2 protein chains.
Amino acid sequence: MNRAKITLADIAETAGVSPATVSRVLNGDPRVSPERVTRVNEAISELGYSPNRAARTLVTGKTGLIAAVIDSNLNVFSDPFWGQITTGISQALQEANFQALLMVRPLDVEDPSVVASLAPGQVDGAIFFQLHNDDTVNLLQDMGLPLVVVGRPEESSKLTYVDSDNFGGAHQATKHLIDRGCKAIATVAGDQQLSSGRLRLDGYRKALAESGIGFDESRVAYGDWTDVGGEQAMRTLIESNPSIDGVFVANDLMALGAMSVLEEQGRNIPEDVAVVGFDNMFAGRLGRQQLTTIEQDVQGLGAKAAAMVIRMIDGERPKSVVLPTRLIVRDTA
Amino acid sequence: MNRAKITLADIAETAGVSPATVSRVLNGDPRVSPERVTRVNEAISELGYSPNRAARTLVTGKTGLIAAVIDSNLNVFSDPFWGQITTGISQALQEANFQALLMVRPLDVEDPSVVASLAPGQVDGAIFFQLHNDDTVNLLQDMGLPLVVVGRPEESSKLTYVDSDNFGGAHQATKHLIDRGCKAIATVAGDQQLSSGRLRLDGYRKALAESGIGFDESRVAYGDWTDVGGEQAMRTLIESNPSIDGVFVANDLMALGAMSVLEEQGRNIPEDVAVVGFDNMFAGRLGRQQLTTIEQDVQGLGAKAAAMVIRMIDGERPKSVVLPTRLIVRDTA
DNA sequence: TGTCATCCTGAAAGCGTTTTCACGGGCCTT
DNA sequence: AAGGCCCGTGAAAACGCTTTCAGGATGACA
């Protein structure tokens with residue numbers, strides 16, 4: 001149909017008005033006579049016109065683009081969540097008439113190409129995913145780029161972030177084990193380099209402390225978020241603490257490994273040892289038992305981040321947000 | 001540093017050349033004297049200049065953007081793959097100096113906003129993910145948009161696609177069961193609305209036929225790709241065919257359900273019944289046994305699609321591609 | 001009835017690039 | 001030694017839109 005590209009000028013001509021008026025109609029300027037508005041709108045739908053983004057960007061300085069920047073190094077960890085997060089982002093952005101630019105890049109080294117792609121004028125804002133190294137992000141922020149981090153940056157950082165309540169979730173999980181009657185509660189903690197790893201361990205400690213249970217360092221083992229890591233950690237734990245009757249595992253993948261070790265050792269779950277995970281990664285069945293775990297609102301994380309970056313573009317300074325988690329009780333605790 | 005945005009004209013001035021020359025240097029035009037090239041390059045890095053995309057787009061008509069359009073209705077199915085696919089796409093595009101625009105939209109109804117976002121001049125090309133309804137895609141293709149579909153469209157379609165070898169993979173899987181000595185081989189097939197569902201069933205039939213094993217309709221049960229669906233299908237199967245000693249399940253999630261039913265019935269895997277899945281969704285352990293399955297090169301799918309759409313933009317007409325799959329033998333068969 | 005504010009409209013400038021075109025100088029032909 | 005070519009360069013137009021500015025018409029007010 002619209003073979004040759006038609007421009008605003010074409011609309012102006014067929015509607016018998018000036019280009020300026022067409023532009024005003026396009027942008028909802030109220031001071032155009034109703035009669036002309038309809039004339040213009042007719043011409044638009046008749047010719048099947050849609051405005052040229054580049055031209056608009058050139059004059060307004062707004063690109064309508066928001067970058068979602070994902071550290072390609074954290075693939076393993078976030079794999080199952082990408083779909084949900086990106087869905088959340090994409091939908092929230094679309095409602096505000098923004099487009100999402102997807103960038104998967106190594107973020108641990110300072111990458112000039114990333115910076116160039118996000119320099120002022122290239123995008124209106126950016127959403128970064130949890131990273132080990134804040135340097136690039138801080139640089140960009142100093143350059144005036146509105147940005148939000150998903151996941152928690154370093155404590156001292158001035159970055160705006162959205163995060164799940166890792167601390168609260170771990171607290172809920174551990175509390176659940178306590179309420180269930182567990183007396184000797186261990187934990188398989190995650191990578192302490194990551195804030196999520198630290199916060200989930202802190203939540204565990206807090207719950208113990210609240211219930212007057214002393215913290216015992218020997219009941220903490222560290223894994224690397226993988227099932228194999230969970231396996232190893234669980235072996236360590238059960239060797240040094242054969243009497244444990246409950247364990248909070250900092251993510252579901254490690255819980256998978258931990259449970260296989262428990263089964264192998266002949267411990268019944270949850271009768272002998274109760275297990276709570278984190279992430280709700282496996283919505284359905286998992287082997288014979290369904291894992292009791294902490295659910296994060298992953299899609300909400302994306303949607304919230306998008307909403308916040310849009311507010312920043314509008315000149316506001318939104319506060320960082322921590323999204324609540326939810327305990328899902330299933331078979332293992 | 002670069003507070004006020006600096007333009008090509010600024011570079012021209014500090015380098016003491018004309019804007020035209022700067023532009024030529026930027027675009028690698030060979031007919032600029034080496035001496036000026038260095039002068040310009042110095043000015044560029046000194047001022048920290050990067051060209052304005054919008055202005056460039058406006059004059060060249062190329063946006064440098066390729067849309068990755070994902071049907072929001074197929075979340076469940078593709079969830080764990082998104083990360084890999086998008087990584088593949090993003091990296092391949094970046095190497096060719098394109099940016100990936102992410103659009104998660106319902107694609108089953110014809111959505112004017114999708115069409116508008118992809119109209120000529122908005123993006124240079126698009127990659128669509130497997131869909132139930134080709135209408136929107138065909139429309140866009142007719143409008144001259146270079147596009148590639150990931151997953152296989154309807155047989156009659158003229159669309160260019162990239163797909164995993166569903167047929168070949170299913171054939172491999174079934175063949176493996178036969179080679180293993182299984183005599184009564186059933187299958188849990190997927191949704192026959194989807195090409196992947198049909199092709200995986202066809203591959204199963206082909207392998208049986210090749211080995212002179214008759215096809216028995218009662219040995220086919222249909223699931224909906226979910227673990228629960230796999231469970232139900234397996235129950236049906238085992239009821240009507242108690243003697244089966246091998247089963248090819250059309251995806252890993254259903255295999256999960258199927259295996260739990262087998263265990264529940266007291267059948268040992270793989271001694272009594274061998275199981276092969278499809279997707280290699282669970283890289284690690286899965287309950288007590290690791291699933292023998294067919295691996296697809298998901299990231300390759302994304303990379304290939306990106307490469308193809310770029311070739312189409314360059315005016316070529318690449319052929320559709322089917323990527324090979326690989327049998328991964330583990331515990332269950 | 002005269003003055004002023006108000007409203008709607010169009011002309012034109014400008015956003016930052018690329019690209020065509022013309023021009024001058026050097027080199028290679030003859 | 002003269003003509004023609006090619007090579008490197010800059011001037012200027014063009015891309016499609018928004019927005020400022022000014023002007024004409026209308027209505028309100030005194």
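A, B, ... follow the sequence lines: proteins, then strands. Residue 1 opens every chain. Every value quoted in this text rests on a predicted model; they were computed, and no experiment measured them.
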What pairs meet the salt bridge (Lys or Arg N to Asp or Glu O under 4.0 Å) rule with one or both residues in residues 37-65 of chain A, with sequence neighbours excluded?
A:Glu35-A:Arg39
When you measure from every atom of DNA chain C, which of residues 23-32 of chain A have a heavy atom less than 4.0 Å away?
A:Arg24, A:Arg31, A:Val32
Is the closest side-chain donor-acceptor distance between B:Arg105 and A:Gln94 under 3.5 Å?
yes
So, OP1 or OP2 of C:dG16: does either fall under 4.0 Å of a side-chain N or O from B:Thr7?
no
Side chain of B:Lys5 - closest among C:dG16, C:dG10, C:dT17:
C:dG16
Looking at B:Leu47 and B:Ile6, what are the two nearest heavy atoms and their distance?
O-CD1, 3.0 Å
Least distance between heavy atoms, A:Gln122 atom then A:Ala116 atom
CG-O, 3.5 Å
Rounded interatomic separation in angstrom, taking CG from B:Asn52 and C1' from C:dG16
6 Å
Calculate the interatomic distance between A:Glu35 atom CD and C:dC7 atom C1'; express it in whole Å.
15 Å
Member of B:Leu145, B:Asp135, B:Val69 meeting the side chain to side chain contact (heavy atoms under 4.5 Å, CB included) criterion with B:Leu140:
B:Leu145
For the side chain of B:Asp71 and the backbone of B:Pro106, is there at least one donor-acceptor N/O pair under 3.5 Å apart?
no
Grab the CD-P distance between A:Glu13 and C:dG10 for me, whole Å please.
14 Å
Expected list for residues 53-65 of chain B near DNA chain D, using heavy atoms below 4.0 Å, is B:Leu58, B:Val59
Side-chain donor-acceptor pair present, B:Asn166, B:Ser196, cut-off under 3.5 Å
no
Check every atom of D:dC17, C:dA11, D:dT9 against the side chain of B:Arg36 and return the nucleotide holding the closest atom.
D:dT9
B:Leu8 has its side chain closest, among C:dT17, D:dA12, D:dG8, to C:dT17
Taking only N and O in the side chain of A:Thr21, is any of them less than 4.0 Å away from OP1 or OP2 of C:dG10?
yes
Would you say the side chains of B:Thr87 and B:Ser90 form a donor-acceptor pair under 3.5 Å?
no
Options C:dT9, C:dT17, D:dG10, nucleotide nearest the side-chain atoms of B:Tyr49:
C:dT17
Nearest heavy-atom contact between A:Asp163 and A:Leu301 is C-CD1, 3.8 Å
